Amino acid sequence: MTEPTEPGLRERKRQRMFQALSDVAIGLFVEKGFDAVSVAEVAAAAEVSKPTLFRYFPAKEDLVLHRIADHEGEAARVAGRGPAPLDALRRHFLAGLERFDPVTGLSDDPGVLAFHRLLYGTPALVARLHTHLERSEAALAEALGGDLEARLAAGQIIAVQRVLARENWRRIAAGERAADVRRDAVAAAERAFGTLASGLPRFAGGRVAGEPGSRGAR
């Protein structure tokens, strides 16, 4: 088996540029508002040309969504770790709550709160976020087997994670502390994933897509 290799120098420089441009843009958007800041202003603040910025980010919204881009295939990766994808996803979400991972909505870090206010308070970003969620759903559906049942399950799972995260963020944005919300957040996640498991037994354990006798086998 070939061992995974570290990114080369050029790729590391490219990744740093993505991060630097995104950080500069988000800082400006948080300070002034997404619609009040032009792409040219972002490029000037980052000390790059506008064409250079567009080589990295074809759309203005992508400057913001880059911060969560790594999570796009996360559910699919987690679901592929064993024969009980729903249990793996439940444990993964609960682990995120335990460490106050911003993706679960359970973070009262001022920078995270500012980012979430920007994201959820800007219609253009909400629309682009739905595109991100659709790609996450498609990747998860493929990991679950790719058939209609898998696509239906993926839609439900991604929706549950989204609603749980939004509820956590809503309470914290209203002034509650993340530490005080966590117990309720864990209980809500356990109930939600329990409901999913009851309605989606194929993905809760035992037979999985591709195994003999499973409905997803081809």
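Just so it is clear, the structure is predicted and the values come from calculations on it, not from any experiment. This chain uses plain numbering: 1 for the first residue, then up along the sequence. Computation of the quantities below employed the complete heavy-atom set of this structure, encompassing side-chain atoms and omitting hydrogens, waters and symmetry-equivalent molecules.
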Could you please spell out the steps behind the side-chain contact (heavy atoms from CB on, under 4.5 Å) verdict for Leu65 and Leu119? CA-CA 8 Å; Leu65 270 296; Leu119 180 61; 4.2 Å; yes
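- In this structure, Glu190 pairs ionically with Arg90, as a charged nitrogen and a carboxylate oxygen lie closer than 4.0 Å.
- The two atoms that bring Ala75 and Leu89 nearest to each other are O-CD2, 3.6 Å, heavy atoms only.
- Between Leu144 and Arg202 the shortest heavy-atom distance is O-NH2, 3.4 Å.
- When the side chains of ILVMFWY residues are joined at heavy-atom separations under 4.5 Å, either directly or via intervening members, Leu140 and Leu196 end up in a single hydrophobic cluster.
- Test Arg171, Arg182, Glu167 against Leu106 for side chain to side chain contact (heavy atoms under 4.5 Å, CB included) and you get one pass: Arg182.
- In this structure, Glu41 and Ala36 approach most closely via the heavy-atom pair OE1-O, 4.1 Å.
- Listed by chain and residue number, Phe18, Phe57 satisfy the ring-ring contact (aromatic ring centres under 6.0 Å, His included) test with His66 (two or more places apart in sequence, or in another chain).
- Looking at heavy atoms from C-beta onward, Thr104 lies out of side-chain contact with Leu164 at the 4.5 angstrom threshold.
- Linking ILVMFWY side-chain heavy atoms closer than 4.5 Å, directly or via other members, places Leu28 and Val48 in a single hydrophobic cluster.
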Do any side-chain atoms of residues 94-103 form donor-acceptor pairs under 3.5 angstrom with protein atoms, and if so which ones, sequence neighbours left out?
residue, atom, partner, partner atom, Å
Arg99, NH1, Ala95, O, 3.4
Arg99, NH2, Asp101, OD2, 3.3
Asp101, OD1, Val103, N, 3.0

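- Going from atom CZ of Arg151 over to atom CD of Glu142 covers 9.5 Å, rounded to the nearest 0.5 Å.
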Carefully, step by step, assess Leu63 and Tyr56 under the rule side-chain contact (heavy atoms from CB on, under 4.5 Å). CA-CA 9 Å; Leu63 285 157; Tyr56 286 90; over 6 Å; no
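- Not counting sequence neighbours, Phe54 has no partner by the ring-ring contact (aromatic ring centres under 6.0 Å, His included) test.
- In terms of modelled atom types and a separation under 3.5 Å, the side chain of Asp108 and the main chain of Arg177 share no donor-acceptor contact.
- Closest of all the heavy-atom pairs between Ile172 and Gly105 is CD1-O, 3.5 Å.
- Note: the hydrophobic cluster containing Trp169 does not contain Val112 (ILVMFWY, side chain heavy atoms under 4.5 Å, direct or indirect links).
- Atom-to-atom distance recorded for Glu176:CD and Asp184:CG is 8.0 Å, nearest 0.5 angstrom.
- The distance from atom NE2 of His116 to atom CZ of Arg170, rounded to the nearest 0.5 Å, is 15.0 Å.
- Side-chain contact, Gln15 with Glu11: a donor N or O sits under 3.5 Å from an acceptor N or O.
- Annotation: side chain of Arg12 is in contact with side chain of Arg16 (closest heavy-atom distance under 4.5 Å).
- Counting only heavy atoms from C-beta outward, the side chains of Leu53 and Lys50 never approach each other to under 4.5 Å.
- The two residues Ala46 and Leu21 have their closest heavy-atom pair at CB-CD2, 3.5 Å.
- Residue His92 holds its NE2 atom at 6.5 Å from CZ of Arg81, rounded to the nearest 0.5 Å.
- Hydrophobic cluster membership of Leu148, counting Ile, Leu, Val, Met, Phe, Trp and Tyr whose side-chain heavy atoms lie under 4.5 Å apart directly or via other members: Leu152.
- Here ring pair (Phe, Tyr, Trp, His ring centres under 6.0 Å) pairs that include residues 26-47, with residues two or more places apart or in two chains, are Phe29-Phe34.
- The distance from atom CZ of Arg14 to atom CZ of Arg55, rounded to the nearest 0.5 Å, is 11.0 Å.
- Going from atom CZ of Arg91 over to atom CZ of Phe193 covers 11.0 Å, rounded to the nearest 0.5 Å.
- Closest non-hydrogen pair, Ala25 versus Val42, comes out as CB-CG1, 3.7 Å.
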Using a 3.5 Å cut-off and no angle test, enumerate the donor-acceptor pairs between side-chain atoms of residues 123-133 and protein atoms at least two apart in sequence or in another chain.
residue, atom, partner, partner atom, Å
Arg128, NH1, Asp62, OD1, 2.4
Arg128, NH1, Asp62, OD2, 3.4
His132, ND1, Glu72, OE1, 3.3

